[in-house]
Every structure is written in structure tokens, then in C-alpha cells.
Amino acid sequence: MEKMLMKGNEAVGAAAIKAGCKYFFGYPITPQNELPEYMSRELPKNGGTYLQAESEIGAINMVFGAAGAGARVMTSSSSPGIALKQEGISYLCGAELPCVIVNMSRSGPGLGGIQPAQGDYFQATRGGGNGDYYTPVYAPASIQETVDLVQEAFDVADTYRTPVIILGDGMIGQMMESVEFKDIQKRRLPQKDWALKEHVEKGSKKLINSLYIKPEEMEPHLQKIFGKYDVIKKEEVRYEKFNCEGADVVAVAYGTVSRIVRNAIKKLEEDGIKLGLIRPITLWPFPFEAFDEISPETKAFLSVEMSMGQMIDDVKIANAGRLPVEFYGRPGGIVPKPIEVVDKVKEILGGAK
Amino acid sequence: MEKMLMKGNEAVGAAAIKAGCKYFFGYPITPQNELPEYMSRELPKNGGTYLQAESEIGAINMVFGAAGAGARVMTSSSSPGIALKQEGISYLCGAELPCVIVNMSRSGPGLGGIQPAQGDYFQATRGGGNGDYYTPVYAPASIQETVDLVQEAFDVADTYRTPVIILGDGMIGQMMESVEFKDIQKRRLPQKDWALKEHVEKGSKKLINSLYIKPEEMEPHLQKIFGKYDVIKKEEVRYEKFNCEGADVVAVAYGTVSRIVRNAIKKLEEDGIKLGLIRPITLWPFPFEAFDEISPETKAFLSVEMSMGQMIDDVKIANAGRLPVEFYGRPGGIVPKPIEVVDKVKEILGGAK
Amino acid sequence: MAFTEEVIFAGFGGQGVLSMGRMVAYAGMLKGMNVSWLPSYGPEMRGGTANCNVIVSDGLIGSPVVADADTLIVMNRPSLDKFESWVRPGGKILVNSSLIDIKVTRDDVEAFYYPVNEVAAECGNLKAANMVMLGAYIKHRSFLEENDLLGAFLKVFGEAKKNLLPLNEKAVAAGATLV
Amino acid sequence: MAFTEEVIFAGFGGQGVLSMGRMVAYAGMLKGMNVSWLPSYGPEMRGGTANCNVIVSDGLIGSPVVADADTLIVMNRPSLDKFESWVRPGGKILVNSSLIDIKVTRDDVEAFYYPVNEVAAECGNLKAANMVMLGAYIKHRSFLEENDLLGAFLKVFGEAKKNLLPLNEKAVAAGATLV
Amino acid sequence: MSIVFERTRGMVDMPLHYCPGCTHGIIHRLVAESLVELGLMDDAVCVSSVGCSVFTYNYFDCDAYQASHGRAAAVATGSKRVLKDRTVFTYQGDGDLAAIGTAETVHAAARGENVTIIYVNNAIYGMTGGQMAPTTLVGQKATTSPNGRSAELQGYPIRVCEMLSTLDGTAFAERVSVHNPANVRKAKKAIKKAFEVQTAKQGFSIVEILSTCSTNWGLNPTDSLKWLEDNMIPYYPLGNFKTPEEN
Amino acid sequence: MSIVFERTRGMVDMPLHYCPGCTHGIIHRLVAESLVELGLMDDAVCVSSVGCSVFTYNYFDCDAYQASHGRAAAVATGSKRVLKDRTVFTYQGDGDLAAIGTAETVHAAARGENVTIIYVNNAIYGMTGGQMAPTTLVGQKATTSPNGRSAELQGYPIRVCEMLSTLDGTAFAERVSVHNPANVRKAKKAIKKAFEVQTAKQGFSIVEILSTCSTNWGLNPTDSLKWLEDNMIPYYPLGNFKTPEEN
Amino acid sequence: MAQGKVTFREDRCKGCGLCITACPKQIIFLDKNKINIQGYNPATVEKMEECIGCGNCALMCPDLIITVERF
Amino acid sequence: MAQGKVTFREDRCKGCGLCITACPKQIIFLDKNKINIQGYNPATVEKMEECIGCGNCALMCPDLIITVERF
Ligand SMILES: Cc1ncc(C[n+]2csc(CCOP(=O)(O)OP(=O)(O)O)c2C)c(N)n1
Ligand SMILES: Cc1ncc(C[n+]2csc(CCOP(=O)(O)OP(=O)(O)O)c2C)c(N)n1
Ligand code: SF4
Ligand code: SF4
Ligand code: SF4
Ligand code: SF4
């Protein structure tokens, strides 16, 4: 297919439609508005339905209804809107409903600001709703990757009957880059025989439910769900490891900020310093295995985030005490400049400062 | 004062009133209903106001209004209701408003079950709302401790201008134990000169706000807030360390399940096995320092939770790769029996199985 | 050696089983012991059954959940079915034989059958059946006396219910004579 | 050595600065280069200013944020005030002198002043001022030609706006002659 | 010999978990009978809400969702948009629908969402043990209005049918009661009509059914019927508020 | 020489961030003038909402809150319950109040919460760039209803005053417009009356003000006034819907 | 001469008495001598010959346990 | 003979034209020859002597920049 210059938000929409998404329930919020707007234009042309809900809570519960009816369905929002969806996401997980949820995040807490930030890492990876659950979280770093991962996300959702989160930020949503819609490799998807159908099969009553009033029934339900999580942890971990062999420092960074780290890597090369990069593509499951091999030259891990430090918890767990774990973060909507990362690395190495 | 036999939920109410709480905004949910019910009876007698909101979201935003007006204010709920409050909590943190939020948690995800569970650890400690923030979280293990911590919580909230969470569960809320209302040591609290007053001071316009549209202003705002967190981490960590010296295994457990571990400790003594216990009383800040000294005899940490495993993340961070970190969990509303913990410990030690 | 008594009270909603537990716990507390009381809760109550766990101990109480009861008090049949296996070997089961027409099947526990409804009716009020059972109970487990229970009654129900004291006194005494 | 051009376009909302950036990015992409386009967004747009960052490179593009611009194109005065310092030493600033009556103050950059509003008016439509500026821009940075821009125009505005092509052709050409 | 009345096949043959005399049971039956008589039972989709009626999904012999508290109308929306030919209905209490679910309800109505709402108004939170509901009458005692609801402090009960009737998307709204056989018959008529409105794709339909909660009202079941008649009906007048024009 | 009109001291002397011709500015002025004239300005508490008017807290010369999207009525409730003698008002757009904030608004009204709601209805989401609002007219184009709002798919706009007037707790409800000087004068009267209702502790008061959004309607400011008059007023009739009885 | 016949599914009766209030003939009562497995006194009819088969009792029974036949 | 006088705070004018529609005398217009610091053509009055001081323009100005005086 022809290359196109597309805005991240619209690319998400196009990718979703390509992946067979037929329903979208949204509510406006900056910086993701172009996505519902795109869907309102394009979905009807593709035999789908766009509906604007009364709120994020309305939207996520409409997703619950549509997903329970077997539809490929998506919703999107940004940080505070995702916070409002937490109960709904918890229900989707409890009822094992597949869907894709997009967070083009901004800075918080509270109303905060609307510039790109990564302060929703915990919200996305630690199930900020109630109870025991996780959702796969994809963090693309370019529009092309966004497009690829969105398509993947729908398949992963259906394979494991789970909501999947795409965690972008204002920059991913707003920027344009060239994209190509490749035919991604299709998975063999299980039949949705648990879903409500347009035509009822007599005698097989379907129930979409997250209530297990007896602990003796709730526990096995959870164990079943966590059994799937074990498979996801084995099969679906994705990350990129770059420049790590013999690196002086290995940075860990995802999404937007990983691109800044790439610039820093180049700049540091000029000074003869080797900076490696572990870029988690799935934030959950976190790519712990990427940390297994550490070069003897490596003196520290450096978690670089557009936040006050959240992924660093996972980096610490992955590191398991072997090396110092350092942090460089710019929160509040500031995208750090490559030179800041450069300086931090030099500081760690006892260089400049 | 005389000892009384009180239900956890009512004890929370009594302690709050004793601490000068004058406003309570609630919404019914099992297993915390006796708390709003108590408040609706007792607050008016104590010159306060109880108001039932239209929802948990209504309630948390009423808290925002009352806290901004300088009142000592409380709300309570249980797991899914707390999930709904996440955006509100994020706003309270962003606007730096003090209040106390009680979660008598039940099992999830989704509607789940109503029996005691600890699946809201992440929800409480990782700021499940949007953006960068934390809230102090107290996890009492007895009704007496609940009463003491609730009173403390109000002072901590005011000292640092932050919401404080009391994380109990159905058992803490529903059980009765004897309590005494001791006069807790009073802190010197800062003036609430940031709050709206009944009588306006001309020329000093007060604003309760979490919006910082410019990243250059949002970042320092966050740094100020995280500066307070640093103080909280230094001053407010609370935990109990029991039987750890020379222990074969050290269990880490909070709240309800820590009591089960205590029974297990006794039982194991009979078999000549020494089980230690680190009981975090503050879940955030997590008592990392409690893990600093490990006896050479200790072979492993064992995180015991009424969940699929959440606190274990913090235990791993605390452990920093020194010992194996094992897990025993019963989710879904099941309170494990002491013998289960006993068996797990033996299994770890290569004993019975 | 520390004294600990772990009891399960179970029956229909209206039979006052939660109150029985509260009275025992309160009485224990008033005697200076540590106590805990833990009720069942939730929509199962709509089904009409209720139960509670009570622990009285002169040591610290770990889990308030009674997994191996010293004593089980059952006021109706479903409760016996449900909780019979929750008693430790050597423990006691006190059965309300007015409503339960079957027998305890285990032979490693002691079972006692008291027609507390009839006895309560004789005392003048069927509602006092729970007090009759408590009267019997304290004879079995001698850490409480009749007076302790009546003191606890006032604490649990408040001075407003003082007028019911004579009836309850009678019921407790009648229960005690059953043993 | 890899080619990379980093540009900032800035001006009032109605001046088409976001489109200028998109056209340059699109043209770069059509020539097989990697490109990124990043707009400002948010309530500041209510204030009526807009800007975007464009990067064109034959290597991989790291951060799409332009921190040290090779070229700055400013269409109104507040934009010059705001972005003057964002240009790398040795970079260029293209100033819409129709609306900006002050001069660039830095002496480590090259500044050029083009009265693009007037030129556009001469071409027949004041709205084409941005195209005039683009015409000048591509003379400064020779990775694009006039035709590339016009091809990109069709991509950005769609076939429906084909009728505007002649006007834009004229404007681009006029701009080119300014340099 | 002919059968005058027998258990509807629209309900699964199992005991109901409700308290003795709780009129939720009557309402269940009316819904099931209506769907069966209209030939819609197999195709029906029940969205159960959170309240005493949370287990309706077990009782109705059709596909079902268990929706989060208050959001049944949104779940029904999502479901009906996909399953356009099925009969989608919610079954909600007054706490669920008129408190936490206000926005979802109002907007499903405003959108003219082609679903049916069975709204059971018992003027209290039943499941959670008798707290004040948005429909609790002024003066009525509840566990969170121990001295009776005070208009001054807690305001006034919401009349849902009247409120929703101001919305153009509401096609059908009627309030009925089940406190005696005559009203039970009327209630069934309204429920049937509501489903017919959906089948005819005429838009949003709601039937508000006044119901008892003897457990939390602190009355016995028969006194509860009387209390409903004497206290609720005067504030919540029975009748039709909106119905699609015949054509 | 006398001053006929000058800037009210109720507003901080700073430029407004609104688009050219946005009638939010007129409404701000009316609110400030009303408060000043009633002697309530110093005591006023403004609860700003999320929408184009999010920065009202900067403009009104009084204490303020910035509330989360849709929850201004709940924040006002919490505030007023503590600050019983202050004049608490919210300033909310139609997306904020009539979409996400429906439950909070309805219940503040039902409770008869003694606060005043300034409700600016411009039939669109302004701040976020022109998406369909619950008040967008049928046929009206918006970025999420690119072919115009379809009644069949997206339903009908909500008339907030009519809806809230069904609630006993609503003491005062009036819809006004600011599309010409005569209506601006009427709007101010309504706003003043609403504040007076609060001062007299008579309960919940709301003024719905029809407003323009030329940016997102895609019209110039003066055509926007005309569009408002020709299209909004027929669907949203001006007038008083509820007012406390005089005594 | 009876026109109708009512049958109760006794085990499921909760003794709520709603059928009693609905019966125009006042022939239903709770059998205080019986306790069903749920612990309630179930509803019953002694003078079945007075039943007119109106079905009102069944209409009011919340537990769907009444069947009414008519001759 | 003028009855009124209008003053504009020109820098803050956004050239929206609402004042123009409100003026019964039609004496306000946007000055195409001026661009204020915000980039707008500000409103202005030339024939001030025709102003009747009705205040309508100020009533409609969303940016609170008009002051009206009457003699
Ligand atoms: C988010 C959330 N909040 C609160 C609850 C607790 N809850 C369960 S049922 C219920 C309300 C029940 O009242 P109603 O809807 O009137 O139905 P009824 O039980 O009276 O039939 C509530 C508040 C919950 N499950 N989830
Ligand atoms: C929870 C949440 N959802 C969505 C948003 C995004 N948002 C900001 S303003 C707004 C609505 C603006 O519309 P309206 O209330 O009509 O006011 P207007 O801008 O038209 O004056 C929305 C949806 C948000 N900030 N928070
Ligand atoms: S609590 Fe009330 S509503 Fe719930 S089942 Fe019992 S009587 Fe019915
Ligand atoms: S977008 Fe609309 S509502 Fe917002 S300031 Fe501009 S004109 Fe006003
Ligand atoms: S109405 Fe039904 S449940 Fe109630 S007493 Fe009669 S038969 Fe029994
Ligand atoms: S109304 Fe005000 S802002 Fe608009 S043109 Fe007139 S003076 Fe300028």
C-alpha cells in the first residue's frame, strides 16, 4: 500500500477499522479528539457504528455491552477520562471481554495539563480499578508502530478475552509521520462462542458476568484469568533492545521518550560513550527477560520517563539489585531534550557536572 | 475511657468524629455501610453534616468542595466504588486537598464478591487515577489500630495537604473487637490559609485548583508535591517487625491476613520453625527500611496476601534480589487458614509437601 | 496455658444468633479478656441465614475467623449441615432440637440437644430461645456466668431494653438447667 | 553524512502555518525521506497562535520535537518573539515582513525578510501568503522543488482543491523569486 | 378443567432469593410473561443491574449481562447497537437507575435508544440494607436518614417518569404499581406495551413499577402493600406519561 | 457627563482568552455585574468547570474552585454545605453540565441544594474543538456528527430547564439568551434573580444562557448571533420555568 | 360447588401472605402447624370448594408457586 | 450634537463586530487600517457626534473593552 502522512490519532482509527473494528464509543478529550472524529466519519462508511457517549463511564459500559455481543469495539480517551473508566475496565476484565482502549495521555494529577506525559504508567499497568487483574498494554513509539500495534491489539484481545490498552501520549496522538498499512500476520482466533449473538441459539443461555458471590467460585475464576496472564507473559512480551552490548549505561524508555533517548545515543557516541536502550513495547507484560543479560561494562540502568518515575518500579524489579537504577524524568508535559539525557548519563558515569 | 465492643465500620466513624471530622459524603456499598449509617446518626449530634451523594463520584467531588473550604471531611466506599473515585482522588492530590478516604475492600475485578480481599493494593498504592501522585495508605489489622490510625490519618492529611487512604477490608469493617479511644498525640498542624473561609479576607483571592496548563508551571507544581512525598517517606513510614531475628522465613503481610500469619507463627513454633513477620502499617510509603537487616538464617521472604499477588512487587523492590521472594495468596474473598501458611513455609524450607 | 474459646453461632436471621455472639463477646470483654466477633454478611442474609464467629481469649487474637471451633451452636437445620465439619475434634456441638430433627453424624465431637424453643415458650417468649441456648452454653464453657451474660445483654441492647431483663434472666437460668 | 532539516513554522491561526508544515513534510515523504510533523495543540489555539515542528531526514527521526531549528519561519510578530532563540547557530530565520516590523536580534543566525502578504495579494489572494513563503523557503533549503510542493498541496488538501492549484503555483513561484 | 394461572416458562424454575413478600418477584413474572406472550422471550437480552435484583440473569430464561452499578442503560445501548433485532431490556432498582445511573438513564432516553427499561422503585436501597434512596419519601426513615428524610437537608425524591418525559427521545413512559391484583394487571399491560414500542423501533421505553421492600421498610409484607398505596402513590402518581402516537 | 457603562469591578482586569465574539464574555460580565450590584461579589465562590470557561477562576474577582469535568454541582454542594453564608455558583458549559455532569446536576437540583448554576448552552463542545454535545440540534454539524446530528442515530437534544423543573428541589429555572441587547438585559435580570433565590435560601437555582460558538459553528461572530436566534431559540424556548412563590 | 383449584408449591412458599390479601374469598391462610424446609409456615387452603378460580392469589405471589385451575 | 461618547480599549479588541450589530446608529466599524497587538482590526467610531449613548455596544462586547458616557 501507498505510504501516507497521518496523524497518530487518525492512524489509530484507520488501523482499527482495518482490523475489523466496527464499534466505537467515545467522549471528547484533548489530545485524542481526532480519533473519535475520524471514527465518526469513517466507521459508518465501513458498516460500523460510532456513538458519542454521555461520558467516559457511559462509553466504557457501552463497550461492555458491545463486546459482550461479540463485536470488535474500541474506546479512547486521555488520562482523567481513563481514570473514570477504571471501574468499567475492571468489569471488562472480570467478565473477560475483549476490546481495545486507547489512552493518549496528558499530564496529571487532576486536570493537570494537556501536553504529552507518561504519568499514567501505573494507571495502565497496575489495574487502577478494583481487584486482581492486568491488561496488556502497548506503548508505540512511532505512528507506524501505532498502526501495527493497534491491529495486533484487537487480535490479542480476542485471543485472550481481555481488554488491551494502547498507551500513547499527546505527541503520538498529534504528530504526523508516514505510515503504511501492511497486512499483519493473522492469528488463529478462537470462536466467540461465549458472546451473545444476533440470532439466538436455543438452549444455550449466554451470560456476560463478573459477579461471583461465593469465594469458592471467585477464586477459581481468578485463577483461570491469571492462567491466561501466564500465557500472555510467555507469548506476548515485546520489546526492543538496542546498543546494549558493552554499553556503559542502559537506558529504559518507552514511547515518545524512547525517541529522545535515541537522539541521545547518537550524541553520546560522539563523546565515546555507549548508551544502550531497552524499549518495552508491552508495558504489561513488562519485558523482564530483556534485563537478563547485562554486559560487564554496564554500570547502571537509567529509567527515562516523562513522569516523576513510575516504570522505574518495574526496572528495579527486573534489575533485582544487580546495578544501580538511576532515574531521569521530566513530568508535567515537558518532553526532555536529548542533551538532558546526555548530561544525565555523563553524570552517572562520573563525567561532567 | 471505657473499653467498648465496636464494629470496625462504626469504630472508624467514632474515631473520625473524635478527630474532628465534621463532614461525611457517602454512598452505600457493602461491606462498609455501617460507617455512613453511623455518620448519618452521629455527625448531626456533633455539629457536623452527613450527606448521601448520588454516587461515589458525587461523593468524592463533594469532598473536594468541603476540603477546599477547610473542613475535616471523610468519605468511604468499597473496591468498585473506590475505582470510581480515582479521577476525584487524582484531583484532590493535584489541588493538594486533605481528606480521609476509607476503602473496606472486597474481591474483584468487576462486581466480584463482597467478602474480604486485598486486591486493591495497587489501586491504593499506585494512584490508580491519572498522573503522578501517591496517597498515604494505612492498613490497620485490628479495630483498635483502625481507631488509632483514623485519627492519625486526619492529622497526616492536614500536615501534608493530601488525601489519606484507610485500606481495610470486609473483615475489618464487619468484625467487632474491643476498643479504647485514647487521646492520640496531637501534631502541630499548619494553618489552612489556603482554604476558602466562611468570612472572606478581602484581597486574598483563594483558588482550589489542579490545572497548570503550562508545562513549565506543572513541573514545579509536581516537584513541590513530590517534595512533600519525600518528607512523608522519611517521617510517616510505619510498620511492625516481629520475630524476624534468626527467622527461617520472613513473611510480609498487612491488615487482616497479618493476623493469620500470627497464628501461623505460633503453630510453626511448635515445629521448631521460626517465621518472622514484617507488617507494613503504611502501604505507601512502603517500609523498605524494614528489609534492610536480614538475619543470615533467613532463607526467603514470603508475601502473604488475600489477592493474586500485588504487594509482592514492593517486597521484590525491597528485597533487591537478595533472597528468594515467595508468594502465598488466596484471592476472591477467601481468608486463608493459618495452616495453609504453615504448609507454605514448610514447603519453602523444603519440608513437608 | 492460655485460655481460648472459639465459637460459631448459626441459625435463621430472626433467631438472634448475631446477638448471641455479641453477648458472649461483650461478656468476655467485660471480664478482661480479648474478644472478637465476626458476622457473616451479604446477600446470603436475604436467604435468611446468619452466623457469627466469636473468639474469647486471654492471649492475643490472631485471625478472627473460626476455622476449628471449640463450640458450635446451631439454631436450625441448614446451619448444622453447613457447620458440622467446622468443629475441632473433641469440640462440642449444641443443637436446637426444637427445629433440628436430625443428629450430629460425627463421633469425634460431643453433641448436645436442647429444645430451646419450647423452653423459651415456657418462659413466656419464644424470642428468648437464644438466651436459653446461651444459658446452656455457659454451663458447658465455664468462663462466663449467668450474671456476665445479663450484663452483656444491657450493653448490647442498651438500657432501653432493661424491661426485658427479667425474661432473659429466666431464660438463661432455664437454659442452664438443661445441661 | 545524513541529511536532516528541522523547521519550525509559526504564526496566527488563520495563516495556514500548520498546512505549510504539512506540505513540507508530505513533499519530503513523497521524495522518499523520513518525516515528522508535530503541531502545537490545546487552548492556546484559542489565543489564535499556532505552530508546528517539521523534520525531514534521510535517516531515522528520533524526537519529533525541534529544539534547535535549522530554519524558523515566522508569519507574525509574537512568533518571532517566542521562537527566535530556538534556532541553532548558523540557522536561518525567514520573516514575514508584511506583518513583522522588527528585526531579528541574534547575529549568529541568518535572517531574511519577505513581504509575503503583499506578494500574495499581487498574486490574487492574500490567503496564499503561506505559499509565497514556502516558495522562498525551498530556495533556501534545496531538498524540495516547486513541483514537490504542488504535489504535496494536492495530498494535503485533496483533489477537491485542485482548482486552487494555479493560484498556488503562482504564489510559490513568486516566493521563489524573492530569494 | 383449564389452567387459569401457571408458572411462566419465561422464568427458569428455581427459587427466588428475595425476601418473603418482596414484589420484585411479581415484577419478574410480569416481564417474563409479557415477553413470552409477545413471542420475544428467546430473543430477549436482560441487562441485570446491581441491587437486590442482581441475580435476574439467573431467573429470566434468556441471554443476559450483569452490568456495573447504575450503568445498565449504557450496557443495553452497546448491546442493542450490535444486536439490532433482539429485545434488550434492563431491570434496575431506584438506587441503580435514579442515583448513580442518572446520566446513563437520561442519555439513553435522550438518544431515543431503542431499549426498554424496567424500573423498580421501592423508595430505598434494598440490597445494601435500607439506606436512603433518591426516591425515598420526605419523612421516610432509612438507615442513613434515621430521623426520616428531611426536605431541607436531603431534598426531594425524584419522579423519574416525569423527568424523562421531558426528553424527545423518550417514546413511552408509564408508572404502575403491583400492590393489588388490579394494578398487577395494569402493570403487565404497560410492560407489554413498552416491549411493543421497542419491537416497532419507536425508541426508548420505560416502565416504572412501584414495589415494596418490607425488610427495609420494617413492615410485614402485607402492610408494605398498604404503605405503598398510602404513601408512594400520592407522590408517584400512576399513569401513562408518554406513548407513541398511533398511525 | 455620566458613565452609562463601564467595566465591572467584579472582574479582574485582564484580557479574556475566548475567541473573538464568543458570548462567554458577555455572560461573565452579567454574572459579575449581578453579584456586584447585589453586594455579593466579595462573598461569592465560583466553581469553574472544564470547558472553554475553565479559566473563569481567573476572571471573577472572588474565591474559586476548578472542578473536574461535569462535577461542578457536586463541588458546589460540598463547598456550600461548609460555607453556608457565601454565594456559591457554578459556571458550566452544556457538555460539562448536560453530558458527563447530568447526575451531579440533577441531584443537586433534587436535593434543593442552595447554589446557583450558570449554564452556558452553546450546543457544542467548544474547548475540545467542536464535537457534538447533548444539546447539539438535530441536523447541526459537529466534528463527531459530520453529516449533521441524526435523530435516529444520535437522538435528541436535552432541554435542561424543562427537565430540572420536574424536580421539587428546583426553586428557580429560566432560559435566556444574549444574542442582542434586549436579551442581554433580560439575561441579567434572570441571573440576579437566581442569586437572590440563593440568598433567600430558597433552594436550587439555574439560569440557562444560550450562547454562541462561532469558532466551532464555522460562522462569523455576528452570523452566529443570528444562527442562535433562528435555530436555537425555537428548540430552546426562552422563558421562566420555575420561580419561588412570593410570600 | 367449587369452580377453581389452587395448588401451592409448598417448599418454596415464604409465608409472606400476599396471596391471602388477594383472595376475594379469604380462604388462604398460613399453616402454623407446618414449617417448610426454608423455615416458613406455608400458605394453604382448606375450604377449596369456595375457590372461584379467579387467579388473584397467583397474581400476587412473588415466588411463582401457585397454580390455579378452573373447572 | 452628540449625546454620548464611546471609548474602546483598542489593544484588547478582537474585531468580532458584535458591537457593530448592536449599535442602533450604525456608527461603529472595524478599522481595516489598524492591526492591534493581538493581530485584529479594532472597532472604532468616527462620527462620535451621532452616538446617543445607549450603551448597546458595551452590552454586547464580550471583551469588556467599551466604556460609554452620556452628557
Ligand atoms: C459502584 C458501586 N457502588 C455501590 C454499590 C453497592 N450497591 C449494591 S446494590 C446498591 C443499590 C441497591 O438499591 P436499588 O437499586 O434501589 O435496588 P434494590 O436493592 O432496592 O432492589 C448499591 C448501592 C456497588 N455494587 N457498586
Ligand atoms: C473527564 C474529562 N473528560 C473530558 C474532558 C475534556 N473536555 C474538556 S472541555 C470539554 C467539554 C467542553 O464543552 P462544554 O462544556 O459544552 O463547554 P464549552 O467549551 O462549549 O464552553 C471536554 C469534554 C476532560 N477535561 N475531563
Ligand atoms: S431487601 Fe427489599 S427489595 Fe431486597 S429482596 Fe428484600 S424486600 Fe426485596
Ligand atoms: S471555542 Fe467557542 S465557546 Fe470556546 S471560546 Fe471559542 S467561540 Fe467561545
Ligand atoms: S404469596 Fe406465595 S410465597 Fe407468599 S404466602 Fe402466598 S404462596 Fe407463599
Ligand atoms: S464587540 Fe468588543 S471586541 Fe468585538 S469588535 Fe466590538 S469592541 Fe471589539
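Since the model is a prediction, treat every value here as computed from it, not as a measurement.
If you measure heavy-atom distances from B:I57 to chain A, the contacts under 4.5 Å come from the side chain alone. Interface remark: B:L211 contributes backbone and side-chain atoms alike to the contact with chain A (heavy atom separation under 4.5 Å). With a threshold of 4.5 angstrom between heavy atoms, B:R330 approaches chain A through its backbone and through its side chain. Looking at A:Y134, only its side chain comes within 4.5 Å of chain B, counting heavy atoms on both sides.
For the set A:E216, A:K316, A:R106, A:E87, the entry with the most heavy-atom pairs within less than 4.5 Å of chain B is A:E87. Contact count versus chain B (heavy atoms, under 4.5 Å) is highest, among A:A95, A:S79, A:G113, A:S105, for A:S79. Of the listed residues (A:G81, A:S90, A:P220), the greatest number of heavy-atom pairs within a distance under 4.5 Å of chain B belongs to A:S90.
Contacts from residues 300-311 of chain B to chain A, taken as heavy-atom pairs separated by less than 4.5 Å, involve B:S307, B:M308, B:G309, B:Q310 in sequence order.
In this structure, B:N130 contributes its side chain and A:G110 its backbone to a donor-acceptor pair below 3.5 Å.
Every pair passing salt bridge (charged side-chain N to carboxylate O under 4.0 Å, His left out) that includes a residue from residues 123-133 of chain B is listed here, sequence neighbours excluded: A:D313-B:R126, B:R126-B:D314.
In terms of heavy-atom proximity, B:L222 sits nearest to A:P109 at CD2-CD, 3.5 Å.
Residue B:I114 holds its CD1 atom at 12.0 Å from CE of A:M218, rounded to the nearest 0.5 Å.
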